[in-house]
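Throughout, protein chains are lettered first and strands after them, A, B, ... in sequence-line order, and every chain is numbered starting at 1. Side-chain atoms are counted along with the backbone in the values below, which use heavy atoms only and exclude waters and symmetry mates. The structure displayed is predicted, hence computed values, not measured ones.
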Protein chains: 2
Amino acid sequence: MIETRWLDGEEQRTWRTFLMAVHLLDGALDRQLRHDAGIPHAYYQILAMLSEAPERELTMTRLARLLRSSPSRLSHAAARLETDGMIRRFKRPEDRRTTIVEITDSGMKALEEAAFGHVREVRRLVFDTLTHEQVDQLREISESMLGALDPQGEEPRYPDPEDPRATD
Amino acid sequence: MIETRWLDGEEQRTWRTFLMAVHLLDGALDRQLRHDAGIPHAYYQILAMLSEAPERELTMTRLARLLRSSPSRLSHAAARLETDGMIRRFKRPEDRRTTIVEITDSGMKALEEAAFGHVREVRRLVFDTLTHEQVDQLREISESMLGALDPQGEEPRYPDPEDPRATD
DNA sequence: CGAAAACAATTGAACGCTCAAGTATTCTGT
DNA sequence: ACAGAATACTTGAGCGTTCAATTGTTTTCG
């Protein structure tokens with residue numbers, strides 16, 4: 001029998017404030033990107049991840065894992081992004097099960113253009129409101145939660161050092 | 001001309017970790033509630049807010065404001081929740097523009113049953129992974145972000161003191 | 001070898017959210 | 001009083017996500 005305590009007053013306040021902030025932040029980022037760049041935040045992240053990958057390409061499965069996306073979700077998203085000419089999908093003879101996704105020049109351009117406004121918004125809504133100490137704290141808190149949310153989740157990240165692209 | 005700095009390494013790490021954690025947390029909470037209680041997290045929040053309101057009722061507009069929801073979104077949600085018998089909508093003669101939403105006994109029951117598993121999940125994924133200090137920090141960070149996200153957002157909250165219902 | 005399992009990706013239906021438009025009611029100012 | 005503005009809510013189309021089912025390909029191993 002598992003005992004489950006209710007949230008105490010302090011936790012309650014924290015939880016509701018956190019939920020509200022996240023809810024509004026999500027909406028704000030998505031709205032800004034859709035309005036200024038015509039793509040949802042999730043699609044921006046797909047492009048960003050691809051832009052940092054070696055050769056600017058990844059298999060669908062690998063990309064899905066990096067983004068913690070379901071294969072299905074990525075597949076739908078890829079269909080749309082491909083129609084828009086931002087990515088290209090193709091197969092290689094080595095393993096004909098896998099599909100390679102590659103970000104196109106047009107996709108890179110769209111990403112770079114979108115990045116300006118996006119980063120400005122992230123700054124305005126998050127980093128400008130926090131002290132350096134709080135940024136530290138937020139990272140540690142997020143890492144703690146990730147431990148419970150994504151136990152086996154490491155996966156490399158291709159951190160392209162000096163590149164003002166895709167800063168998200 | 002507004003200058004926009006890119007995110008530095010520290011901020012970059014924080015931002016990605018935070019985004020990932022929030023993305024996974026959102027998915028986990030929604031999945032748990034849909035699976036165990038048959039309602040999405042957003043609908044749980046509607047029921048929770050109503051359960052704490054005086055007389056268990058609010059106008060659509062007031063409820064939407066409390067939840068930072070668009071009227072449209074709430075209207076769609078209310079249609080579904082009403083079909084499911086969890087809420088009831090009606091008009092009062094005083095102002096025939098406004099619609100009053102009331103949570104039904106059935107809705108209260110569903111909420112109470114859903115709350116157990118939900119709170120367990122929130123504990124497991126969030127509060128159990130954080131120290132008391134970090135909970136403090138997370139609240140302060142969330143409040144800071146809220147300041148930028150929701151400038152004029154106060155709105156009362158009906159904090160029902162000693163009640164193990166709707167702890168979310 | 002060959003059958004079964006594992007893997008990679010896609011598809012379609014259901015659903016919730018967004019946005020723009022629409023209906024109905026009440027308030028405002030002259 | 002009454003036209004126009006403001007308020008309250010609803011509706012429908014479009015889109016992204018989820019889930020379950022499906023197709024095609026490679027691996028495993030008896």
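Phosphate contact (OP1/OP2 of C/dC19, side-chain N/O of A/Arg31, threshold under 4.0 Å): present.
Among the atoms of the strands shown, none is found under 4.0 Å from any heavy atom of B/Ala79. As judged by a 4.0 angstrom heavy-atom cut-off over every strand, B/Ala64 is placed among residues making no nucleic acid contact. Backbone-only contact: B/Thr99 has heavy atoms under 4.0 Å from sugar-phosphate atoms and none from a base.
Within residues 87-98 of chain B, the residues having any heavy atom under 4.0 Å from DNA chain D are, by residue number, B/Arg89, B/Arg97, B/Thr98.
The nearest whole Å value for the distance from the CD atom in A/Glu82 to the P atom in C/dT11 is 10 Å. In this structure, B/Arg68 places its CZ atom 19 Å from C1' of C/dC17, rounding to the nearest Å. One atom, CG of B/Leu33, and another, C1' of C/dC15, lie 16 Å apart when rounded to the nearest Å. One interatomic measurement links the two molecules: NE2 of A/His76 to C1' of C/dA9, which rounds to 11 Å at whole-angstrom precision. Residue B/Ile39 contributes atom CD1, which lies 14 Å from atom C1' of C/dG16 at whole-angstrom precision. Whole-Å rounding puts the B/Asp26 CG to C/dC17 C1' distance at 13 Å.
With values rounded to the nearest 0.5 angstrom, B/Ile141 atom CD1 is found 9.0 Å from A/Thr129 atom OG1. We find the NE2-NE2 distance between A/His118 and A/His41 to be 4.0 Å, quoted to the nearest 0.5 Å. Going from atom CZ of B/Arg139 over to atom OG of B/Ser144 covers 10.5 Å, rounded to the nearest 0.5 Å. Atom CG in A/Leu25 sits 7.5 Å away from atom CG in B/Leu19 (nearest 0.5 Å). Interatomic distance, CD1 of B/Ile103 versus CD of B/Glu52, reported as 10.0 Å (0.5 Å rounding). Remark: A/Asp128 CG to A/Glu121 CD distance equals 10.5 Å, nearest 0.5 Å.
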B/Arg88/B/Phe90 under side-chain contact (heavy atoms from CB on, under 4.5 Å): CA gap, chis, key distance, verdict: CA-CA 7 Å; B/Arg88 197 170 74 82; B/Phe90 58 94; 3.4 Å; yes
Step by step, work out the side-chain hydrogen bond (donor to acceptor under 3.5 Å, both in side chains) result for A/Lys91 and A/Thr99. CA-CA 5 Å; A/Lys91 301 237 176 217; A/Thr99 299; 3.3 Å; yes
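Salt-bridge formation is not detected for the pair B/Glu112/B/Lys109: no Lys NZ or Arg NE/NH1/NH2 atom is positioned less than 4.0 Å from an Asp or Glu carboxylate oxygen. Between A/Glu102 and A/Arg56 there is no salt bridge, since none of the side-chain N atoms of the basic residue sits less than 4.0 Å from a carboxylate O of the acidic one. Ion pair A/Arg62/A/Glu57 not flagged as a salt bridge, since none of the NZ, NE, NH1 or NH2 atoms sits closer than 4.0 Å to an Asp/Glu carboxylate oxygen.
When each of A/Tyr43 and B/Thr59 is assigned the nucleotide of DNA chain D bearing its nearest heavy atom, the one mapping closer to the 5' terminus is B/Thr59. Of the two residues contacting DNA chain D, namely B/Gly27 and B/Pro71, the nearest-nucleotide position lying further toward the 5' end is that of B/Pro71. Comparing A/Arg73 and B/Pro40 along DNA chain C, the residue whose closest nucleotide (by nearest heavy atom) sits nearer the 5' end is A/Arg73.
Aromatic ring pairs are classed by plane angle as parallel below 30°, tilted from 30° to 60° and perpendicular above 60°; the pair A/Trp15 and B/Phe127 is perpendicular.
For the helix from C/dC1-D/dG30 to C/dT30-D/dA1, the terminal axes (five pairs an end, C1' atoms, rotation from four pairs onto the next four) enclose an angle of 10°, given to 10 degrees.
Listed nucleotides: C/dT10, C/dC17, C/dA9. Nearest to the side chain of A/Ser72: C/dT10.
You can see that DNA chain D meets the heavy atoms of chain A within a 4.0 Å-exclusive cut from D/dG16 to D/dT26, reading 5' to 3'.
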